[in-house]
2 protein chains.
Amino acid sequence: MIHYSRDNMAELLRTHDINPTHQRIEIAYALFSRHEHLSADQVMTIVNDRHAETSKATVYNTLNLFLEKGLIREVIVDPSKVFYDPNTGPHHHLYEVDSGRLTDIAADDVRIEGLPALPKGMETVGIDLIVRVKRTA
Amino acid sequence: MIHYSRDNMAELLRTHDINPTHQRIEIAYALFSRHEHLSADQVMTIVNDRHAETSKATVYNTLNLFLEKGLIREVIVDPSKVFYDPNTGPHHHLYEVDSGRLTDIAADDVRIEGLPALPKGMETVGIDLIVRVKRTA
DNA sequence: TCTAGGATTTGGACTCTGTCTAACTCTACG
DNA sequence: CGTAGAGTTAGACAGAGTCCAAATCCTAGA
């Protein structure tokens, strides 16, 4: 198990062709040191909690940059906001609708079979499997 | 194949415990007569196109009411808006990321196997499978 | 028919997420 | 040092969706 440090983050950013600035390192660290799914808003709170200031614009810019560069993944389960997932490997999601808690489901044992052929001229970008659960009444 | 009329809609609403008002009938008709996935915005445009006026608040109220009553389903694929799906039977979705087009995948032949057991005290609300595709470059 | 009261609808203000822009800062390099 | 280009910033803005108090629409009963 790797221990994530801010230095690691600089490395990580460089390997993804991203110029490691202070803000970018802090944001990457926020995402990777926890293994959680965070919203832009949560990222901003975390980052501004310890280290000085990072603006909203930068948080969004940076998250979108990370996204483009394939460093993180977007998870769309909540109609009101996007979550960002530092785990880009294949896996699925469990979404607790009451609490908004989002957790991973390992892809290892899950098989999805029988999907129809794609329409001509189309290629798959990704397959999202979301299991929505709630507390039993 | 059923032909959807406004009268049918009144029936349909009643069977779902919804008091059929003018606005509700128009909104239901918009959704069920096309078999499409519509955003709240699109519903409003369609409804206000022919018949007089329905306010934004009513459109949202009504869609949420339909949702609660299990008349329609919510499809969350686009970070910026929710789609409403008149088809509540089991099926999956194909989402074209460039164009925003959303189409159904019949559930008949699709098998999802090996999902881990749910955490204790949780029950499944639904399983969403979304295949994201794009036009091949 | 008339009317009271609950259900429904409405406009408009408001919130929240996310984007845009133009100015500002930083840094690397000559 | 001085400057160009990348990065950051505040704040204005846009769009989806919610909220609320007031207006309107039924409908049952007199």
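Lettering of chains follows the sequences in order, A, B, ..., and the numbering in each one begins at 1. Keep in mind that this is a model prediction, so the values were computed, not measured.
Bounding nucleotides for the chain B contact on DNA chain D, 5' to 3', at a heavy-atom distance below 4.0 Å, are D:dA16 to D:dC26.
For the contact set between residues 64-85 of chain A and DNA chain C, defined by any heavy atom under 4.0 Å, the members are A:N64, A:S80, A:K81, A:V82.
A:Q42 places its CD atom 15 Å from the P atom of C:dC16, with the value rounded to the nearest Å.
Take A:H91 and apply the ring-ring contact (aromatic ring centres under 6.0 Å, His included) test, not counting sequence neighbours, and it matches A:H93. Checked against side-chain hydrogen bond (donor to acceptor under 3.5 Å, both in side chains), B:S33 has no partners two or more places apart in sequence or in another chain. In this view, B:S55 and B:T58 satisfy the side-chain hydrogen bond (donor to acceptor under 3.5 Å, both in side chains) rule, not counting sequence neighbours. Among residues two or more places apart in sequence or in another chain, the side-chain hydrogen bond (donor to acceptor under 3.5 Å, both in side chains) test is passed with A:T45 by none.
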Using residues 107-131 of chain B as the side-chain source, report each donor-acceptor pair under 3.5 Å to any protein atom, sequence neighbours left out, with the distance given to one decimal.
unit_1 : atom_1 : unit_2 : atom_2 : d
B:R111 : NH1    : B:D109 : O      : 3.2
B:R111 : NH2    : A:E113 : OE1    : 3.2
B:E113 : OE1    : A:R111 : NH2    : 3.2
B:D128 : OD2    : A:R132 : NE     : 2.9
B:D128 : OD2    : A:R132 : NH2    : 3.2

Compile the donor-acceptor pairs under 3.5 Å between side chains in residues 64-74 of chain B and protein atoms, sequence neighbours left out, one pair per line.
unit_1 : atom_1 : unit_2 : atom_2 : d
B:N64  : ND2    : B:Y60  : O      : 3.2
B:R73  : NH2    : B:G89  : O      : 2.9

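In this structure, CE on A:M9 lies 8.5 Å from OH on A:Y29, to the nearest 0.5 angstrom.
Within the structure, salt bridge (charged side-chain N to carboxylate O under 4.0 Å, His left out) contacts touching residues 83-102 of chain A (residues at least two apart or in different chains) are A:E96-A:R101, A:E96-A:R135. Note on residues 55-67 of chain A: no pairs pass salt bridge (charged side-chain N to carboxylate O under 4.0 Å, His left out), not counting sequence neighbours.
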### Task
Produce a footprint string for nucleotides 9-14 of chain C: one letter per nucleotide, 5' end first; B if the base is under 4.0 Å from any protein heavy atom, S if only the sugar-phosphate is, - if neither.
SBB-B-
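Cluster note: A:I76 groups with B:I76 through ILVMFWY side-chain heavy atoms spaced under 4.5 Å, whether in direct contact or through intervening members.
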